[in-house]
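Written below as structure tokens is the structure these notes are about.
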Amino acid sequence: MAAESTQQQGFARADRIKASREFARIKLDGQRLVSGCLIANWRRLEMPASSRLGVITPGRIGRAVDRNRARRLVREAFRLNRTGFSSPVDLVIIARNSIVGKPYSGVEKDFLTLLRKAGLLRLEREG
RNA sequence: CUGGAAGGGCGGAGAAUCGCUCCCCUGAUUUAUCAGGGGGGAGGAAAGUCCGAACACCGUAGGGCGCGAUGCCGCGUAACUCCGCUUGCGGAGAUACACACGGGGGACCUGGCCGCGAGGCCGGUUCACGGAAAGUGCCACAGAAAACAAACCGCCCCCUCCGGGGUAAGGGUGAAAAGGUGGGGUAAGAGCCCACCGCUUCAGGCGCAAGCAUGAAGGCACGGAAAACCCCAUCGGGUGCAAGGCCAAAUAGGGAACUGCGAGGCGGCCCGCCUCAUGCAACGCUCUUCGGAGCGGGGCCGGUUCCGGGUACGGGCUGCUUAGACAAAUGAUUCUCUCCCCGCAAGGGCAGACAGAAAUCGGCUUACAGCCCUUCCAGCACU
RNA sequence: GCGAGCGUAGCUCAGCCUGGUAGAGCAUCACGUUGCCAACGUGAGUGUCGAGGGUUCGAAUCCCUUCGCUCGCU
């Protein structure tokens, strides 16, 4: 909570979902939505917590290069837009095949569309 | 200048903002951690995992058989160890039957030259390149015959005919037909004889060597294939960083069948050897020389097989790294320079391919936009 | 990181060890049968043997390289 104010756009180790148990719990208890090249599973948290992200890039979508790039782009979209969240969530993003070859702007657009549909975004203040 | 082939090299650069990972220093904090500063942070293939090495553990009295790999000669190359400092290079030493380079030899060629010809020399391509004279087996179809040779047609001789004999020149078959070319010789023929070519053996010479050329002798014996079995020589114990070492926690230490026969180890097998077992107490029955022995069922113990349980995208540290993780670090945006593309130009577009380290090293193979260098070949233009 | 296996007709497989003709079943097509269909009967079509190279007179088969797919590991 002390760290929340200092890091606005960072993505430290504590902001990542790592344990396989947590992934399973979010998939079970949370909500699910599909949009574009992404699938989202998420679970709302109590207000004072900070949001966390986990990314899944299945081997099905491509080779190591494509999977690495997909994960980095999703992480970047999360990092740059996390201040706009309406409430803290545990978010798990699963990449689909169509993410291969997409530029960052396309991935970010899908990411924001997904969040808007899920009602996780605060009111858009500026265009 | 353009195009092609071969070989080698590069695989965009700089800056700003936000962000990630590891290490070091300083400060704060009980730790966890946080802040500031400094430094390191993907490739030529990091890939495929096709070879080999190193390293680690396990095994190891010994012998035989088997299994796998390699197979002309010479000379080199790594991680590793030591030293040095410019901190990623230099020097020295060691290993390699992985590989590179050079040499030798064989095979092949609308290739060039020489020779009447067999063939030789040069050039190019290519080769897993010990042995077919240790043995076994194979060579379909065709063909008379496919391997200690052999007579279908033909040729020659004998014979009235039937037939008998000689003969590997010629025909035909085939991938391949038992030295070849030219001449002599003969009834016809044949290394039967001669010359040359090839082959084999021997001699001395040259070369570190594989081998080479020369001379002499032998009438020629040895079809192919060992990427068929095999023989010979050499090498190889097995398993692999999920190897292995230390530590902590949790769970389990259970069931079934078979069995006290033996079991395990020495790579797989055999011999042989070694190790551990072949047991223990009580109960029932029988026998008894009263020491005990046999049988039975079942318990403990031991063995084998199967099932169940726990647990890894590294439980932690280490192995493990001047890149060094474990939901896995190299990213995003913008600008400039060049690169390339479109266009007569102004100008516009655009960072482009293949691809992401998981212990280390050498090699091989595969993928790859574009650019640069060297050599060779072809075309065009100019002098 | 390490190890094992498989690519043959549209599908499932055999043939490979021991080299000379590429086969079986299902499916497909044609004909017969039937008023029509199914079933049944007869017949037919068929393949770069994953790719490249080597050995051989000759390769699906033997050897090497390579591509793709599947599985395993305490």
Side-chain angles (χ1 to χ4, degrees):
Chain A
M1 312 134 210
E4 192 191 352
S5 59
T6 54
Q7 49 171 42
Q8 292 294 332
Q9 295 192 314
F11 188 64
R13 205 141 263 241
D15 301 327
R16 300 174 192 173
I17 300 171
K18 294 159 107 174
S20 140
R21 203 181 313 123
E22 293 185 90
F23 275 88
R25 212 174 67 193
I26 291 163
K27 188 179 175 188
L28 238 78
D29 300 349
Q31 295 169 277
R32 184 167 184 276
L33 202 62
V34 181
S35 173
C37 59
L38 302 172
I39 301 172
N41 283 308
W42 75 92
R43 209 164 68 90
R44 286 174 189 274
L45 300 173
E46 300 298 314
M47 258 330 257
S50 83
S51 295
R52 298 189 303 166
L53 175 72
V55 184
I56 299 176
T57 53
R60 187 178 63 251
I61 70 171
R63 296 234 206 184
V65 179
D66 302 320
R67 297 203 306 273
N68 278 345
R69 175 153 181 85
R71 189 169 58 250
R72 285 164 182 161
L73 292 180
V74 171
R75 272 181 34 191
E76 194 69 9
F78 174 83
R79 185 177 73 79
L80 294 174
N81 293 287
R82 65 185 305 181
T83 53
F85 281 17
S86 58
S87 68
V89 290
D90 272 357
L91 182 64
V92 172
I93 297 290
I94 304 167
R96 307 172 78 192
N97 292 32
S98 55
I99 199 172
V100 177
K102 266 198 181 182
Y104 170 73
S105 57
V107 175
E108 188 181 35
K109 191 171 150 233
D110 279 357
F111 184 77
L112 291 174
T113 307
L114 202 55
L115 292 185
R116 200 170 296 118
K117 278 191 196 170
L120 290 173
L121 274 187
R122 239 179 289 174
L123 290 196
E124 299 175 46
R125 297 165 305 197
E126 42 112 19

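Note that the structure is a prediction, hence the values are computed from the model and not measured. In what follows, chains are A, B, ... by sequence order, proteins preceding strands, each numbered from 1.
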Within a strict 4.5 Å, meaning less than it, do heavy atoms of the A:L91 and A:F111 side chains meet?
yes
A:N68, nearest nucleotide to its side chain (from B:A42, B:U330, B:A355):
B:A42
Measuring only the C1' atom in each nucleotide, how far is B:C261 from B:G302? A whole number of Å is fine.
13 Å
Take atom CZ of A:R82 and atom P of B:C18, then tell me their distance rounded to the nearest Å.
16 Å
Round to a whole Å and report the spacing from CZ of A:R67 to P of B:A42.
21 Å
Using atom P in both nucleotides, what's the gap between C:U65 and B:C99 to the nearest angstrom?
10 Å
From CZ of A:F78 across to P of B:C20 the rounded distance in Å is 12 Å
By nearest atom, which of the nucleotides B:A332, B:A357, B:A327 is closest to the A:A64 side chain?
B:A357
Rounded to the nearest Å, what distance is computed from the CG atom of residue A:L73 to the P atom of nucleotide B:C20?
17 Å
Could you work out the separation of B:G105 and B:G198 based on their P atoms and round it to a whole Å?
15 Å
Begin from the C-alpha positions of A:S35 and A:R116 and carry the test side-chain contact (heavy atoms from CB on, under 4.5 Å) through to its verdict.
CA-CA 11 Å; A:S35 173; A:R116 200 170 296 118; over 6 Å; no
Base of B:G223 relative to its sugar, syn (within 90° of 0) or anti?
anti
Base orientation of B:G38, chi within 90° of 0 counted as syn, else anti, reads anti
Determine the interatomic distance between P on B:A134 and the same-named atom on C:A22; round to the nearest Å.
39 Å
Derivation of the side-chain contact (heavy atoms from CB on, under 4.5 Å) call for A:L80 and A:Y104:
CA-CA 12 Å; A:L80 294 174; A:Y104 170 73; 3.3 Å; yes
Inter-nucleotide C1' distance (B:A188, B:G170), Å rounded
12 Å
Syn or anti for B:G143, taking syn as within 90° of 0?
anti
Decide yes or no for A:F78 and A:V74: does some side-chain heavy atom of the first lie under 4.5 Å from some side-chain heavy atom of the second?
no
For B:A327, does either OP1 or OP2 sit under 4.0 Å from a side-chain N or O belonging to A:R71?
no
Testing B:A332, C:G68, B:A42 for proximity to the side chain of A:R63, the answer is C:G68
Under a 3.5 Å cut-off for both distances, is B:U29 Watson-Crick or wobble paired, and to whom?
none
Which base sits across from B:A175 as a Watson-Crick or G-U pair, both distances under 3.5 Å?
none
Nearest-nucleotide wise, let me know which of A:V55 and A:D66 is further upstream toward the 5' end of RNA chain B.
A:V55
At their closest point, which heavy atom of A:A95 faces which heavy atom of A:T57, and how far apart are they?
CB-CG2, 4.3 Å
Nearest-nucleotide comparison on RNA chain B, the residue closer to the 5′ end among A:G54 and A:S105
A:G54
Using the P atoms only, state how far B:A355 lies from B:C72, rounded to an integer number of Å.
39 Å
Of all the choices, B:G331, B:U330, B:C18, which nucleotide is nearest to the side chain of A:R69 once you look at every atom?
B:G331
With rounding to whole Å, what would you report as the distance between C:G1 and B:A328 at their C1' atoms?
16 Å
Strand partner of C:C6, provided both Watson-Crick or wobble distances fall under 3.5 Å:
C:G68
C1' atom, B:G185 versus B:C194: distance in rounded Å?
11 Å
Can you tell me the Watson-Crick or wobble partner of B:C258, both distances under 3.5 angstrom?
B:G303
In whole angstrom, what separates A:R75's CZ from B:A327's P?
13 Å
Complementary nucleotide for B:G74 - Watson-Crick or wobble, under 3.5 Å
B:C101
Within the modelled atom types, does a donor on one side and an acceptor on the other bring the side chain of A:R79 and the base of B:C20 under 3.5 Å apart?
no
Nearest-Å distance, CG (A:L91) to P (B:A327)?
18 Å
May I ask which nucleotide in the shown strands pairs with B:U2, Watson-Crick or G-U wobble, both distances under 3.5 Å?
B:A378
Kindly give the heavy-atom pair with the smallest separation between A:R71 and A:N68, and that separation in Å.
NH2-OD1, 2.7 Å
Are A:V34 and A:V92 grouped together when hydrophobic residues (ILVMFWY) are joined by side-chain heavy atoms under 4.5 angstrom apart?
yes
State the pairing partner of B:U360; accept Watson-Crick or G-U wobble contacts with both distances under 3.5 Å, and report none otherwise.
B:A53
Where the side chain of A:R72 is concerned, which of B:U333, B:A329, B:G331 is the nearest nucleotide?
B:G331
For B:A53, does the O4'-C1'-N9-C4 or O4'-C1'-N1-C2 angle fall within 90° of 0, making it syn, or is it anti?
anti
Does A:K102 have more than 12 heavy atoms from other residues, nucleotides or ligands lying within 6.0 Å of its NZ?
yes
Name the closest nucleotide to the A:V65 side chain, picking from B:U333, B:A355, B:U330.
B:A355
Under a 3.5 Å limit for both distances, which nucleotide forms a Watson-Crick or G-U wobble pair with C:G23, could you say?
C:C13
